[in-house]
Q: 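Structure provided below as structure tokens; questions to follow.
All values derive from a computational prediction rather than experimental measurement. We count residues from 1, following the sequence as given.
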Amino acid sequence: MRTENTTSTTCCIVGGGPAGLMLGLLLARAGVEVTVLEKHGDFLRDFRGDTVHPSTLRLLDELGLGERFAALPARRLDEMRLHLGGTVVPLADLRRIPGAHPYIAMVPQWDFLDMLAGAAAEEPSFSLRMRSAATGLLTDGAGRVTGVRCTGPDGRTGEITAALTVACDGRDSAVREAAGMRQRRFDVPMDVWNVRVPLPRDDDGAKDGRVFMRSVGDQFAVTMDRGDYYQTSYLIPKGADRRMRAHDVQWFRDRLGALFGWGPEVTDAITSWDDVKLLNVTMGRLERWYRPGLLCIGDAAHTMSPTGGVGVNLAVQDAVATARLLAAPLRRGAVTTEDLARVQRRRWLPTVAVQKGQLAEHETLIRPALAGQLDPDRLPAPFRLLRAVPALRTVAGYLGGVGLRPERAPAFAVRAAAG
């Protein structure tokens, strides 16, 4: 039975993250009627992926958004190094990769999403519904997904019918769950504590964009210079959150300070355990990303490890491929399961390759580091090669920054730069 609040659209996208908003923008530029549902009232949430890779930066140029993006507050990362005790281990160098953007831009995700939402709002067939959550799926008698049940800002329930529903609602996708789709899960060695602290006085550590990762003893952390504070991800053994929080928070302040050489003027900003946010790390992949009328992309299809910060880039690339392959069927109003399968086939290789690389990094770097077994004098072979052969660091920078099968903007979405 329909509720009194029933609307229709051609494509309903659940989730206003990088994948959802990029897909909405591209489909709207193709003339497809598209509605994006975002359950929050804004995009202001800390500890989201903030790395925008060279392939995404090129895409923004092609979409005519390069100048808008350049106006956002950003730091540039052109080299990745691990400080292992007193030893510096170079991991990747982006400075020699081809293209106009030989670096990773570190931009607050809320600014990036606001920019995409603003550009999409300029298209007449685009609609963004904030504070609107999908609560279930609509199906026909044959089991085809025909839209979503949802709640709006006023708490009222409603339905949106659609020729295609796309799940872009992240690692804990409610749409994926409602569809009964289960990811194959991979073992991960860590969870992550996220915390922000003020920049130390007279600290040049991150100003060159290279001091990014540190490991000493059984500690491993990544910190990002955000202008007036450090956003820091501190890795802990998987499932150890409750046990480690049994300590007084001063214990954590002391460990973090010793790891980065920060004094109390920095670490005292962590006033209680409430300031330390847990990311329960999961990693998985759907063997099949679709069912009739429904497609999962981004983390909803393939939940990534936070290592390498590649989740945003892969999600955006998924969105571009989806728009290119499905815009014409959506304009015709008839999207077949074979159309959806083409999206998965297009994005399968880069997804599997990245996840295999992440799993290898877990086993060669993170697991031994958290066990206090990462010896700078006896590094695994891949890290010895990276230290010895600079060209391999450029290859690593290309694979991490551009990746396999990077997507270009569809012709229907290309725009000249403003001005």
Side-chain angles (χ1 to χ4, degrees), residues 10-11 13-32 34 36 49 51-66 68-69 99-101 104-105 107 109 112-113 115-120 122-123 125-126 164-170 289-290 295-302 304 309-331 335 339-354 398-417:
T10 302
C11 182
I13 299 170
V14 180
L21 287 178
M22 180 60 74
L23 179 58
L25 167 63
L26 297 178
L27 289 179
R29 286 190 174 183
V32 174
V34 56
V36 177
T51 53
V52 181
H53 288 56
S55 51
T56 300
L57 294 171
R58 180 183 65 186
L59 171 68
L60 294 174
D61 288 342
E62 294 168 347
L63 298 176
L65 300 176
R68 295 192 202 185
F69 183 85
H101 304 286
I104 292 172
V107 175
Q109 190 176 114
F112 180 51
L113 296 179
M115 184 201 72
L116 291 180
E122 296 168 6
E123 306 299 324
S125 60
F126 176 84
L164 175 67
T165 300
V166 184
C168 299
D169 52 341
W289 298 7
Y290 58 90
L295 174 67
C296 298
I297 63 173
D299 268 0
H302 45 76
M304 310 305 292
V310 297
V312 170
N313 193 56
L314 273 179
V316 168
Q317 301 296 308
D318 283 359
V320 178
T322 301
R324 179 186 297 109
L325 294 170
L326 299 187
L330 283 167
R331 284 195 297 262
V335 180
D339 292 326
L340 303 181
R342 290 173 65 203
V343 175
Q344 179 174 342
R345 287 197 296 270
R346 172 72 186 177
R347 297 303 305 159
W348 185 258
L349 174 62
T351 297
V352 172
V354 169
Y398 181 87
L399 291 175
V402 178
L404 300 176
R405 197 170 285 168
E407 305 290 346
R408 305 298 295 263
F412 57 74
V414 171
R415 300 287 187 274

Q: Roughly how far, to the nearest 0.5 Å, is CG of Leu164 from OG1 of Thr10?
A: 10.0 Å
Q: With heavy-atom distances below 4.5 Å as the criterion, would you say the side chains of Leu27 and Phe126 are in contact?
A: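 Sidechains of Phe126 and Leu27: no contact.
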Q: For Phe112 and Phe69, take the angle between the two ring planes, folded into 0 to 90°, and tell me which bin it lands in: parallel under 30, tilted 30 to 60, perpendicular over 60.
A: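 Answer is perpendicular, since the angle exceeds 60°.
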Q: Between the side chain of Asp339 and the main-chain N/O of Leu326, is any donor-acceptor distance below 3.5 Å?
A: no
Q: Nearest heavy-atom pair of Arg405 and Pro350: which atoms, and what distance?
A: CB-CG, 4.3 Å
Q: Are any of the side-chain heavy atoms of Pro54 and Ile104 separated by less than 4.5 Å?
A: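 Yes, at least one pair of side-chain atoms sits under 4.5 Å.
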Q: How many angstroms lie between OG1 in Thr351 and CG in Leu314, if you round to the nearest 0.5 Å?
A: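 Here the rounded value is 5.5 Å.
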Q: Could I get the full list of salt bridge (Lys or Arg N to Asp or Glu O under 4.0 Å) partners for Asp299, not counting sequence neighbours?
A: none
Q: Over all heavy atoms of both residues, which pair between Thr56 and Val52 is shortest? Give the atoms and the distance, please.
A: CG2-CG1, 3.6 Å
Q: When rounded to the nearest 0.5 angstrom, what is the spacing between CG in Asp61 and CZ in Arg415?
A: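 Result: 15.0 Å between the selected atoms.
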Q: Taking all atoms of both residues into account, what is the closest heavy-atom pair of Gly309 and His53, and its distance?
A: O-CE1, 3.0 Å
Q: About how many Å separate CG of Leu63 and CZ of Arg68, when rounded to the nearest 0.5 Å?
A: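 Answer rounded to 0.5 Å: 10.5 Å.
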Q: Starting at CG of Leu330, measure out to OG1 of Thr322 and round the result to the nearest 0.5 Å.
A: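 These two atoms lie 10.0 Å from each other.
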Q: Answer yes or no: is there a donor N or O on one side and an acceptor on the other, between the side chain of Arg331 and the main chain of Ala30, under 3.5 Å?
A: yes
Q: Are the side chain of Gln317 and the backbone of Pro406 linked by a donor-acceptor contact shorter than 3.5 Å?
A: no
Q: Provide the closest heavy-atom pair for Cys296 versus Ala301 in the form atom of the first, atom of the second, distance.
A: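 Looking at all heavy atoms of both residues, the closest pair is O-CB, 3.4 Å.
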Q: Of the non-hydrogen atoms in Ala327 and Val32, which two are nearest, and what is the gap between them?
A: O-CG2, 3.9 Å
Q: Got a sec, which residues hit salt bridge (Lys or Arg N to Asp or Glu O under 4.0 Å) with Glu62, two or more places apart in sequence or on another chain?
A: Arg408
Q: Show your working on side chain to side chain contact (heavy atoms under 4.5 Å, CB included) between Arg347 and Ile297 and close with a plain yes or no.
A: CA-CA 9 Å; Arg347 297 303 305 159; Ile297 63 173; over 6 Å; no
Q: Could you tell me which non-hydrogen atom of Val320 sits nearest to which non-hydrogen atom of Pro410, and how far apart they are?
A: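 Scanning both residues completely, I find the closest heavy atoms to be CG1-CD, 4.0 Å.
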Q: How long is the gap from CE on Met22 to CG on Leu113, to the nearest 0.5 Å?
A: 10.0 Å
Q: Kindly indicate whether the side chain of Met115, heavy atoms from C-beta on, has any atom under 4.5 Å from the side chain of Leu60.
A: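 Touching, per the 4.5 Å side-chain cut-off.
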Q: Not counting sequence neighbours, which residues clear side chain to side chain donor-acceptor pair (under 3.5 Å) with Ser55? List them please.
A: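 For Ser55, the residues satisfying side chain to side chain donor-acceptor pair (under 3.5 Å) (neighbours in sequence not counted) are Asn313.
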